[in-house]
Structure formats: C-alpha cells, structure tokens
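In what follows, a single structure is set out as structure tokens and then discussed.
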Amino acid sequence: MTKEIIDVDSIQANQEKKSVSLKLKWALGTAIGVTIIFGIFAILLFQCFSNILFKQEQSYSRDALQATEKKLTGYDQPLDKNNIQQSFNISYSPKNNDSLNTPYNDSFIQSAAHKNLIVSIYNNSGNQLYSTSKEVLTFKKVRSTEENKVKSDKHTVLLIRKPIYSKKTNEKIGYIQISDKLIQYDQTRKKLVYLFIIIGITVCFAISLMSYWLASIFLQPVDLLNETIDEINNSDDEAKALSEVRVPVISKDDELAQLSNLFNNMLDRMQRYIEQQQQFVGDVSHELRTPVAIIQGHLDLLKRWGKDDPKVLEESIQASLQEIDRMKNLVQEMLDLSRADQVEVQYGSETSDAREVGLQVYNDFQMIHPDFQIILDNDLKNKTLVKIYRNHLEQILIILLDNAVKYSTDRKEIHLTMSKNTRYVEFVVQDFGEGISQENIKKIFDRFYRVDKARSRNKGGNGLGLSIAHRLVEGYHGKISVESVENQGSVFRVQLPLVNPE
Ligand code: ADP
C-alpha cells in the first residue's frame, strides 16, 4: 500500500517536472532558433555595411592616388625633390631637408584626400621624397599596384602602393604610397557590433518570454489533463472519481483537444468496464446464492431429521445434485462468456462449413426433440465457408434452437433457414412461442437478463445464452438481430461473413 502511494507521488512529481521543463524547453528552443537566425542575419548585414564603408574609403584613397600620379607622370627622369617642389609648389627646410608645406596645400590633392589619409612619394631607391604626414610609414617597393588592408595597433589601415611610370619614356620614375587610416570605418563597425548585440539580446529575451507565455497557453490542456489524473489518483474512491471527473476541453479541433477527448473517451470506457465488472460480480453472486441456499437448506434438513428418512434423504440428494448441476452449467457459461470476448484474437483465422454445421445441429435437435416439428429451409447447396470457429458456430445455433424449444408454447414448430447473400451466410431460427415484448427485446442480449426469471430458471436458463451468442457473433464481425411479437413467436437472425464474398 505504502509502495503504491510512493509510486503515485513520484509519478505526479515527475509529471510536474515534465510540464515545467516542456515550457522551458519550448522557450529555450525558440530562443536558440531565433538567436541563430538573428546571428546569421546580423553577420550578413554587418558584412554588407562593412563592405560599403570600405568601398567608400577605398574610393577616396584611389582618388588621391590618381591625382598624385597624374601630377608626376610627366617627368622623364627618376623623381627627386625638385620635381616634387615644382609639381606641388612646396618648399624644403634648408636644415633638415624636410618639406615645409605638404601636398595638401595643393588644391587637387586636398579635394581627393582627407586628414586620415597620408600620401607619400618615394624615389626609385625607395627613399621617401615627400609625405603629407611626419608619421613613419613602412614602405616596400612593388612591381604593380598593391592594395592591402592591415591592422595597426589602433586602427585598420588601407595601404595602396603603386610604381610611377613616366608617360614619355615608360620608365619607372618612383613610387606612391597611400596610407588611409580607416577610423570612421572602425568606429562604425564597432557601433554596429554593439547595436547588434543589444538588439540580439533584447529580441532573444523578448522571444523567450513570449514563447514561454505561448507555451503556457498552448500547454494548458496538458496541465488540465495532469490535474484530472491527479484528482482521480488522489481520490479515496477511484471508481466514483472516474465517473465524475473529466478533462475540460478548452481548445477546439487541435491535437491537444483531440488528446483530451480521447482521454475522456478512455475514462468513459474504463468507467463502463468497471461498472460492468461490478455488475458482473453482483450478478454472479446473486445467481450462485440461490443454488447455494437450496443446497444449504437440504443439508440442514438432512442434519436435523432427514438422515433416517430414506424418502427425504433421496429427495434432498436429488435436489442438491440438480442445483450442483445448475451451478456447473452456470460456471461453464460464464467461462464461455469470458472466452467469447477473445475470439477475435484467438480464433480470428478459423473457418467452418456453414452448411455442414447447420445440418448437423438440425439433425441433433430433431433427434433430441422428437415432439417438435423442426423444418429446415436450406438454400446452401454446396460447402459454404464462413469465418468462424466450428464449435462456436455450433454453440450459437444450439443457443438459438434451445431457446426456441424452451420458449415455445402450444405450437411446437421451429423453422431453421440457411441462406447466403454476397457477403454473408444467414441463419434464421423462428419459433411460434411466447415471444418477447418490445420493452424487453432491447435487454435480452444483456448478461443474466431473463424476461421471466422464475420461468427461465425452471427451464434451466441462466440468462447467459444470448449474451454468449451476441459476443461470439460480434467477435467474428457478424450481426445478430431479433424480431418478436408477444404470444406469437420470435425470429432470431444471425449473419456471418463469408470466407469468399462474391
Ligand atoms: P436463458 O438461459 O434464460 O434462456 P438467454 O440469454 O438465452 O437466457 O435468453 C435471455 C432471455 O430472453 C430468456 O430468459 C427469455 O426470457 C428471452 N428469450 C430468449 N429466446 C427467446 C425466444 N425464442 N422466445 C421468447 N423469449 C426468448
């Protein structure tokens, strides 16, 4: 008992844990998904912006390069300081030979360059002739134009180096180096990174919250399902709770609504099953009580004064044996009834010849009841295979014919008809006996139901025959029906599926 309680508790605890973690998982999954998508999107956008910015800077530098080059290509000798002086109108300090003003003074370079851009000119030996800035720049001779993006300590720098060729001689006369500090570019990129991180975190957080909230709403039916199961498990009277508690279906036409409906249907079925079990136990004990009471009565009688009276002794033994016989029949019928539920699983592939079984049962009944006129109307001319285990078909026919005999009155006439249509073989058993009222006809296939208990008991009936027949026929996917008029007779009809439908 304790173990059971512990198990139920641990199941409940697990369920709670599961429902929470499902929401978290949902929120987390969505957040990860959104972060990945946003991350890819942000990287692409960042690359795109960076490219545009870089292209802009590149075009400034190229403009400056072109403007400087244009000024120098007219010389036919390798460049020296005089040429630079002439071209850019600059003067040199006499002491240290440095330029006093820069090519920025020159209006066309000014138009092409900006303050982070350094234009330097080198002679053929790689010595610097001029530079717009005093910053020491590394220089290396190149064969053709070279553009490099290099990382300095603080900034990204765009370096363009190009040899200058004389227009007149086509000889190399020096080099130009453009060094552009991409400060704006770096700053904008940094800002973009911060912006994307902030937007990313905000979006991710908002989406997580929203998906958690949505998951809570969507999973509400699951919570209700859990609550219902808890309520049933925790109830003192589970059978009662099963009959009262159902999952409220809040959403319409979605999978969870279907699940709730399925669960409710399952509870309905369980409830019906439990009720049937309770009813069955009640019925069985009730049915057994009468023979047991009769046997007990006779034994009491014998104990008190019947032992010495051979007549009483004989009568009591006879009556007790009769009751024991009845109990034996009852137990056998109950066994048949419970087995009839499993025919589909156990005998699903069995077949039998309807014609042969029908004829055999007909002959047996004719022999056992010579006082009855049993008329056979047989349309089955050849072997006709039906999907049913032979003994079960025999049992069904015996139950129906037995009832026809039992409940016949003055007119002792029974008709047995065997025929077939495209899909079924049909057996019809007709009698002209007491018949069944419309009120009772609905209940005769119920377990232990007898229209007249005492009369049926006298005739050896337990009220189980028709329930057995009904379950067997249904188990083999057939149909059983009845038409009856009180005091005129009844017609029972059984259809069983053909093995080879036409
Ligand atoms: P029983 O063992 O009592 O015959 P059944 O399940 O075979 O149990 O039948 C249930 C009840 O249906 C019977 O008690 C009887 O009242 C009624 N019944 C069955 N067959 C017939 C029939 N052919 N004519 C009239 N009543 C019938």
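Residue numbers count from 1 along this sequence. Counting starts at 1 for both ligands and their atoms, in listed order. Side-chain atoms are counted along with the backbone in the values below, which use heavy atoms only and exclude waters and symmetry mates. This structure is a prediction, so every number in the text was calculated from the model and none was measured.
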When you measure from atom 12 (O) of ligand 1 to each heavy atom in I444, N403, D446, D431, which option holds the nearest one?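 Result: the heavy atom closest to atom 12 (O) of ligand 1 is in I444.
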Output the list of atoms in ligand 1 that are nearer than 4.0 Å to some heavy atom of [X], sorted by atom number.
X: V451; result: 14 (O), 16 (O)
X: S490; result: 22 (C), 24 (N), 25 (C)
X: G463; result: 1 (P), 2 (O), 3 (O), 6 (O), 8 (O)
X: G461; result: 1 (P), 2 (O), 3 (O)
X: R450; result: 3 (O), 14 (O)
X: K406; result: 1 (P), 2 (O), 4 (O)

Do [X] and [Y] meet the criterion of a side-chain donor-acceptor pair at a distance under 3.5 Å?
X: E275; Y: Q271; answer: yes
X: S50; Y: R189; answer: yes
X: Q58; Y: E147; answer: yes
X: D300; Y: Q296; answer: no
X: H392; Y: Y347; answer: no
X: T156; Y: K151; answer: yes
X: Q360; Y: D364; answer: yes

Charged N-O contact under 4.0 Å between K23 and D223: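 Yes, charged N to carboxylate O under 4.0 Å.
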Taking 4.0 angstrom as the limit, do E350 and R390 come out as a salt bridge?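 No salt bridge links E350 with R390.
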Taking a cutoff of less than 4.0 Å between a non-hydrogen atom of the residue and any ligand atom, is G433 in contact with ligand 1?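 False for this residue.
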Please confirm whether F492 comes under 4.0 Å of ligand 1, counting heavy atoms of the residue only.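 The answer is yes, since F492 has a heavy atom less than 4.0 Å from ligand 1.
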Looking only at protein heavy atoms, which one is nearest to [atom], and how far off is it?
atom: atom 11 (C) of ligand 1; answer: Y449 O, 3.5 Å
atom: atom 21 (C) of ligand 1; answer: Y407 CD1, 3.4 Å
atom: atom 3 (O) of ligand 1; answer: S456 OG, 2.7 Å
atom: atom 5 (P) of ligand 1; answer: L466 N, 3.5 Å

How far apart are the C-alpha atoms of D336 and Q332, what are their side-chain angles, what is the distance that settles it, and do they pass the side chain to side chain donor-acceptor pair (under 3.5 Å) test? CA-CA 6 Å; D336 287 346; Q332 182 57 46; 3.1 Å; yes
May I have the step-by-step check of salt bridge (Lys or Arg N to Asp or Glu O under 4.0 Å) for K383 and E356, ending in yes or no? CA-CA 7 Å; K383 185 176 177 181; E356 186 261 314; over 6 Å; no
Under 4.0 Å from ligand 1, counting heavy atoms only, is it the side chain of L464, its backbone, both or neither?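 It is the backbone that gets close, since no side chain atom is under 4.0 Å.
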[X] N/O to ligand 1 N/O under 3.5 Å:
X: I436; value: no
X: S467; value: no
X: N462; value: yes

